[in-house]
2 protein chains.
Amino acid sequence: MGIRALQKEKTRRALVDAAFNQLSAERSFSSLSLREVAREANIAPTSFYRHFKDMNELGLTMVDEGGLTLRQMMRKGRQRAEAGGSVIRISVDTFMEVLESNPNVFRILLHERSGTSAPFRGAVAREIEHFISELTHYTESTTQRHPALARVQAESLVTLVFNAGAAALDMKRVERKKLADQLVVQLRMVAKGAEALQKKQLPKVS
Amino acid sequence: MGIRALQKEKTRRALVDAAFNQLSAERSFSSLSLREVAREANIAPTSFYRHFKDMNELGLTMVDEGGLTLRQMMRKGRQRAEAGGSVIRISVDTFMEVLESNPNVFRILLHERSGTSAPFRGAVAREIEHFISELTHYTESTTQRHPALARVQAESLVTLVFNAGAAALDMKRVERKKLADQLVVQLRMVAKGAEALQKKQLPKVS
DNA sequence: TAAATTAGCTTACACATGTAAGCTCAAAAT
DNA sequence: ATTTTGAGCTTACATGTGTAAGCTAATTTA
């Protein structure tokens with residue numbers, strides 16, 4: 001990589017990081033202006049265009065990058081669970097830790113999921129689909145769950161986790177701990193329910 | 001009511017309606033400008049202030065009004081269910097009908113729930129709390145569910161319904177029908193799971 | 001009937017935005 | 001060694017914004 005391409009990559013990262021750093025509970029991506037991001041990254045507004053066609057392109061990059069980050073960290077958490085213990089409990093704890101250390105990564109997914117840009121909603125939906133898909137396969141491989149049911153179960157779980165994540169963003173540590181406990185109950189409830197539905201549909205086995 | 005107060009009320013309604021009508025998949029409340037809303041309502045921009053302190057006040061009014069509308073329609077649906085049939089099925093169908101005829105009422109709740117204004121998030125949270133509360137009481141009165149469990153169950157149900165509603169907004173009738181069916185399965189799953197957890201915690205009864 | 005109130009108007013201002021045009025000068029290619 | 005490329009810059013412009021100041025005219029109150 002030439003010295004030139006290297007510097008370009010560095011500036012591009014500065015732009016992405018600047019955008020992520022400007023996100024907060026009070027500030028969504030769509031409320032950021034090109035000029036603000038450029039200012040934070042220490043480049044002239046018009047230089048922005050050397051890296052992204054427009055703000056949308058930057059935002060979509062952030063969604064992709066964010067989804068990837070989140071999935072990687074959740075996978076790490078699942079590995080932790082292989083050593084023993086409740087997968088649900090450990091996954092929830094991992095999720096909450098990720099949320100605490102990377103709130104803005106989760107924020108952009110959360111906000112743009114119900115945002116006003118169809119491309120953004122699509123990008124977030126794709127990321128969530130990855131979560132659901134991974135979880136479906138995990139469930140199929142660790143239980144005797146019927147594929148279609150495993151899928152519905154995974155969708156429910158991911159929905160509940162994301163919803164709790166959204167609530168957690170507004171909370172302090174102590175409340176968050178309580179929320180995590182409630183989430184664990186919710187997830188166990190879904191798991192139990194899926195089990196029950198499975199038995200109902202396949203009574204011949206018992 | 002004097003002829004003057006009457007006209008004022010009429011203009012106020014025109015403002016609220018104008019704002020609701022400008023909402024769409026591509027347009028959130030926070031992206032509306034005071035001038036746009038005033039234009040749509042056929043008044044001068046500065047006259048807006050005769051009715052609302054600022055755009056936030058208009059928005060919070062819309063959230064309150066929207067939440068009320070939604071709850072009223074869901075209550076009507078529950079009455080329909082008293083005549084017989086699955087409460088879950090009928091409630092889901094009612095919800096989907098409401099969504100189809102009042103998409104923007106749901107949109108503002110959905111979007112501002114994860115928006116950038118704490119007051120808005122609070123207002124939406126309060127509306128959702130009403131839903132959860134009503135559903136918790138309903139569950140307690142129709143089953144022998146433990147209060148705390150009924151609450152967690154209701155939270156899960158409302159979360160899943162809202163999530164499905166968000167997805168439904170981007171869909172056409174046929175897809176929506178499929179989504180409704182999946183949602184019914186999810187809700188039954190939660191109900192079954194709650195039942196199972198209840199029996200587990202109170203094995204002495206059986 | 002006279003005075004007070006007020007919904008809605010017009011005009012005006014300062015400000016932030018996206019982005020077009022065109023320059024510079026160091027790195028890369030020839 | 002010379003030419004080409006391109007990342008980043010400065011300047012400039014048109015547009016939409018929130019809202020302050022102050023007028024008008026019709027309703028309401030006294």
Side-chain angles (χ1 to χ4, degrees), chain A residues 1-24 26-62 108 111-112 115-120, chain B residues 1-24 26-62 108 111-112 115-120:
Chain A
M1 217 184 197
I3 177 170
R4 199 165 192 161
L6 213 100
Q7 174 55 34
K8 178 162 185 179
E9 182 55 33
K10 209 172 159 187
T11 304
R12 185 190 152 102
R13 261 258 64 80
L15 282 169
V16 174
D17 290 345
F20 264 121
N21 286 334
Q22 304 220 14
L23 295 182
S24 73
E26 295 76 29
R27 214 86 165 67
S28 71
F29 172 77
S30 44
S31 84
L32 299 183
S33 75
L34 183 152
R35 290 171 104 106
E36 276 178 311
V37 174
R39 208 178 299 137
E40 179 86 4
N42 288 312
I43 64 167
T46 48
S47 301
F48 179 94
Y49 297 105
R50 301 286 184 197
H51 302 273
F52 300 99
K53 177 173 147 284
D54 53 24
M55 283 293 284
N56 276 348
E57 201 172 285
L58 168 59
L60 291 175
T61 299
M62 291 168 73
I108 193 168
H111 190 270
E112 300 309 326
T116 50
S117 157
F120 272 75
Chain B
M1 218 183 194
I3 179 172
R4 198 164 192 162
L6 212 100
Q7 174 56 33
K8 178 160 185 180
E9 181 56 32
K10 211 171 157 187
T11 304
R12 186 189 151 101
R13 262 256 66 78
L15 281 169
V16 174
D17 291 345
F20 265 122
N21 287 333
Q22 305 220 20
L23 295 182
S24 72
E26 294 77 29
R27 214 86 164 68
S28 71
F29 172 76
S30 44
S31 84
L32 299 183
S33 75
L34 183 153
R35 291 172 104 105
E36 275 179 311
V37 174
R39 209 178 299 138
E40 179 86 4
N42 288 312
I43 65 168
T46 49
S47 301
F48 178 95
Y49 297 105
R50 301 286 183 197
H51 302 273
F52 300 99
K53 176 173 148 285
D54 53 22
M55 283 294 284
N56 275 349
E57 201 172 285
L58 169 59
L60 290 175
T61 300
M62 291 168 73
I108 193 168
H111 190 269
E112 300 307 326
T116 50
S117 158
F120 272 74

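Only this structure's heavy atoms are used, side chains among them; waters, hydrogens and symmetry mates stay out. What you see is a predicted model; the values in this text were computed from it and never measured. First the proteins, then the strands, lettered A, B, ... as listed; each starts at 1.
- When the P atom of C:dT24 is taken as reference, atom CD1 of A:Ile43 falls 21 Å away, rounded to whole Å.
- For A:Glu57, the salt bridge (Lys or Arg N to Asp or Glu O under 4.0 Å) criterion is met by no residue, not counting sequence neighbours.
- Taking atom CG on B:Leu58 and atom P on D:dG18, their separation rounds to 12 Å, with Å as the unit.
- A:Arg13 is linked by a side chain to side chain donor-acceptor pair (under 3.5 Å) to A:Asp17, A:Glu65, counting only residues two or more places apart in sequence or in another chain.
- Between B:Phe52 atom CZ and D:dG18 atom P there is a gap of 15 Å when expressed in whole angstrom units.
- Residue-to-nucleotide proximity on DNA chain C shows that, of B:His51 and A:Tyr49, the 5′-proximal contact is made by B:His51.
- Residue A:Arg35 places none of its side-chain N or O atoms closer than 4.0 Å to OP1 or OP2 of C:dC15.
- With rounding to whole Å, B:Phe48 atom CZ is found 9 Å from D:dT19 atom P.
- Whole-Å rounding puts the B:Arg39 CZ to D:dG18 C1' distance at 13 Å.
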Practice task
Any chance you could lay out the side-chain contact (heavy atoms from CB on, under 4.5 Å) test for B:Arg4 and B:Lys8, step after step, and finish with the verdict?
Solution key: CA-CA 6 Å; B:Arg4 198 164 192 162; B:Lys8 178 160 185 180; over 6 Å; no
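- Scanning for side chain to side chain contact (heavy atoms under 4.5 Å, CB included) contacts around B:Ala44 gives B:Thr46, B:Ser47, with sequence neighbours left out.
- The distance between atom CG of B:Leu6 and atom C1' of C:dA7, rounded to the nearest whole Å, is 14 Å.
- Between the CG atom of A:Asp54 and the P atom of C:dT19 there is a distance of 7 Å, rounded to whole Å.
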Problem - Footprint string (nucleotides 23-30 of chain D, 5' to 3'): B base within contact, S backbone only, - free, heavy atoms under 4.0 Å - result: ---BBS--
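- At the phosphate of C:dA16, neither OP1 nor OP2 sits under 4.0 Å from any side-chain N or O atom of A:Ser33.
- The shortest side-chain heavy-atom distance between B:Ser30 and B:Met55 does not fall under the 4.5 Å cut-off.
- A:Ile3 CD1: 12 or fewer foreign heavy atoms inside a 6.0 Å radius.
- Between B:Met62 and B:Phe20 there is a side-chain heavy-atom pair separated by less than 4.5 Å.
- A straight line from CD of A:Glu57 to P of C:dG18 spans 16 Å, rounded to a whole angstrom.
- Residues of residues 8-17 of chain A having a heavy atom closer than 4.0 Å to DNA chain C: none are found.
- A:Arg27 pairs by the side chain to side chain donor-acceptor pair (under 3.5 Å) definition with A:Ser31, A:Glu36, not counting sequence neighbours.
- The shortest side-chain heavy-atom distance between B:Arg35 and B:Phe48 does not fall under the 4.5 Å cut-off.
- Look at A:Ser47 and you'll find a side-chain N or O under 4.0 angstrom from OP1 or OP2 of D:dC9.
- Which of C:dC9, C:dT17, D:dG18 sits closest to the side chain of B:Leu34 comes down to D:dG18.
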